[in-house]
S.K.: 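Okay, here's the structure, questions in a sec.
This chain uses plain numbering: 1 for the first residue, then up along the sequence. Just so you know, these numbers use all the heavy atoms, side chains as well, and skip hydrogens, waters and symmetry mates. Whatever order the structure lists them in is the order used to number ligands and atoms, beginning at 1.
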Amino acid sequence: MNKERGRFGSQLGVVLASAGSAVGLGNIWRFPTEVGKGGGAAFILIYLSFIFLLAMPVMLSEFIIGRSARSNAISAFQKLAPGKPWVVTGMMGVLGGFLVLSFYSVVAGWTLHYVIVSGLGQLHIQGGADFGQAFAAFVSHPWRPILYLAIFLLLTHLVVVGGIHHGIERYSKLMMPLLFVIIIVLVGFSLAMPGAAEGIRFLLRPDLSKLTPDVVLSAMGQAFFSLSVGIGCLVTYASYFSQETRLVKSAMNVCVIDTLVAVLSGFIIFPTVFSIGIAPDAGPGLVFITLPNVFALTFGQMPFLGYVFSLLFYVLLLLAALTSSISMHEICTAFISEHFSTSRRKATVIVTAICLVLGSFCSLSFGPWKDVTLLGRGFFDLFDFTVTKFLMPLGGLLMTLFVGWYLDRQLVEQQLTNNGSVPVRLMRPLLFLIRWVVPIGILAIFLNEILPLFIP
Ligand code: PFF
């Protein structure tokens with residue numbers, strides 16, 4: 001049980017790995033979709049306040065729990081609160097880890113397919129073709145998307161099996177800078193599109209009429225999902241932080257990087273979409289249906305640019321998905337290897353195998369199993385709903401209550417100040433957020449969203 005645990009080797013590694021977990025499909029695929037539906041800048045404003053007032057304090061709480069316990073998400077609660085029911089929070093986290101990796105890898109598999117298709121130039125020959133139909137035919141195919149899902153899970157597996165320092169940290173340090181470079185290049189491309197100004201206006205001018213209570217709820221879900229908080233992912237990562245890692249500074253850095261990438265993704269997608277006059281609220285098909293239309297059109301006018309633009313975009317999406325999926329995998333791998341005292345290699349295989357089976361269920365729910373439902377939902381929807389609408393907010397609530405009200409105040413302050421060696425000027429406001437603002441905020445929003453589902 002007491003095997004040598006992995007460690008992140010540097011502060012840069014900590015920030016890049018945590019930011020890698022945060023930056024993912026949530027930023028580049030989900031965020032623009034939500035912005036499109038939520039009235040552009042109006043949604044962004046609410047989202048930003050939720051990032052810093054709700055999700056960031058949850059992240060900090062996870063860091064505190066993880067670094068003081070130095071174990072996986074479940075044992076962390078057993079160590080800090082022996083014999084108490086708090087351990088349920090950790091169990092929800094590990095369950096969330098399995099579910100999120102399973103449905104996330106399905107979309108990541110689609111992305112891999114689009115990397116290959118655009119790399120082969122097939123996205124362009126189809127100019128004038130119906131990309132909506134091509135997408136629907138692909139995702140509903142009985143085995144093709146499962147093949148891509150399996151390849152993606154294998155890539156995730158290969159990083160995680162390398163361990164914390166030589167696997168996760170090493171690849172995050174490689175992939176994250178590459179990701180930033182691609183984003184900058186793509187923003188440049190996008191802003192040069194004719195008609196880009198309209199997209200920028202949409203992003204910067206709030207349309208308050210679109211702000212319904214439902215949009216407010218989606219903004220909270222999006223903030224939690226985007227920062228990977230609420231299911232013990234960051235408890236697990238923080239268990240590998242060194243004593244010198246500054247928790248508040250790291251959390252702020254991750255929030256700023258994640259938000260920046262989300263907003264820049266908006267700057268890639270909306271000017272592009274507006275330049276060919278498509279409505280911005282296309283929903284989840286935005287990057288798989290709307291964008292291929294744009295790429296094909298660009299290709300028709302400037303073949304080289306169109307080719308590079310599309311290929312880089314899907315490579316970006318794939319890299320972002322991979323740096324996130326490894327963190328989901330790690331929640332489960334850390335638990336299995338420590339709890340059952342198995343080798344990391346074996347634990348990694350077990351997690352990959354379970355997620356391959358669960359992920360296949362999710363994938364099939366777009367095709368042959370379209371009509372198979374559990375609690376009224378297909379597998380993909382059910383997993384997505386359980387994680388983003390239920391486990392994440394509830395986990396965030398429990399973790400802030402745990403840190404704010406149960407853990408010894410001195411321990412919390414020691415963690416935040418690295419045993420008094422770094423001053424934390426915002427200590428009081430941060431603790432106030434953790435003790436009051438987050439629990440009340442989540443509870444209010446959560447009840448608003450969940451109760452009506454059960455009490456019609
Ligand atoms: N934050 C990731 C994204 O925005 O794509 C998703 C995610 C990663 C959720 C890790 C949960 C998690 F544990």
S.K.: Are Arg144 and Phe138 in a cation-pi contact, defined as NZ or CZ under 6.0 Å from the six-membered ring centre and within 45° of the axis?
M.R.: no
S.K.: I'd like to check whether Leu25 has a polar contact with ligand 1, where a contact means an N/O of the residue lying under 3.5 Å from an N/O of the ligand.
M.R.: yes
S.K.: Looking at atom 12 (C) of ligand 1, what's its closest protein heavy atom, distance included?
M.R.: Ser228 CB, 3.6 Å
S.K.: Using only atom types and a distance under 3.5 Å, with no angle test, would you say the side chain of Ser226 pairs donor to acceptor with the backbone of Ala223?
M.R.: no
S.K.: I'd like to check which ligand 1 atoms, numbered from 1 as shown, lie under 4.0 Å from a non-hydrogen atom of Gly24.
M.R.: 3 (C), 4 (O), 5 (O)
S.K.: Check whether any heavy atom of Tyr104 sits under 4.0 Å from an atom of ligand 1.
M.R.: yes
S.K.: Minimum distance, heavy atoms only, to atom 13 (F) of ligand 1: which one of Ser226, Ala320, Ala321, Cys233 is it?
M.R.: Cys233
S.K.: Does any N or O atom in Phe225 lie less than 3.5 angstrom from one in ligand 1, N or O only?
M.R.: yes
S.K.: Near Ala22, which atoms of ligand 1 are under 4.0 Å from a heavy atom of that residue?
M.R.: 1 (N), 2 (C), 3 (C), 4 (O)
S.K.: Compute the shortest N/O to N/O distance between Ser21 and ligand 1 and return yes if it is under 3.5 Å, no if not.
M.R.: yes
S.K.: Examine the proximity of ligand 1 to Ile231 and report which part, side chain or backbone, both or neither, has a heavy atom under 4.0 Å away.
M.R.: side chain
S.K.: Can Arg7 and Glu169 be said to form a salt bridge (charged side-chain N to carboxylate O under 4.0 Å, His left out), step by step?
M.R.: CA-CA 9 Å; Arg7 276 282 163 99; Glu169 180 172 1; over 6 Å; no
S.K.: Checking contacts here: is it the side chain or the backbone of Met392 that comes within 4.0 Å of ligand 1, counting heavy atoms only? Could be both or neither.
M.R.: side chain
S.K.: Side chains of His329 and Thr348 only: does a donor on one sit below 3.5 Å from an acceptor on the other?
M.R.: no
S.K.: May I ask you to list the atoms of ligand 1 that are less than 4.0 angstrom from any heavy atom of Ser327?
M.R.: 10 (C)
S.K.: Hey, does Met328 come in under 3.5 Å of ligand 1, counting only N/O atoms on both sides?
M.R.: no
S.K.: Given the side-chain rings of Tyr314 and Tyr114, with only the six-membered ring counted for Trp, is the space between their centroids under 6.0 Å?
M.R.: yes
S.K.: I need the atoms of ligand 1 closer than 4.0 Å to a non-hydrogen atom of Gly26, numbered in the order shown.
M.R.: 3 (C), 4 (O), 5 (O)
S.K.: What's the separation between atom NE2 in His157 and atom CZ in Arg345, rounded to the nearest 0.5 Å?
M.R.: 7.0 Å
S.K.: Mind checking whether Trp110 and Phe288 have parallel, tilted or perpendicular rings, split at 30° and 60°?
M.R.: perpendicular
S.K.: I'd like to know whether the aromatic ring centres of Phe385 and Phe390 sit less than 6.0 Å apart in this structure.
M.R.: no
S.K.: Would you please indicate if the ring centroids of Phe31 and Tyr47 are separated by under 6.0 Å?
M.R.: yes
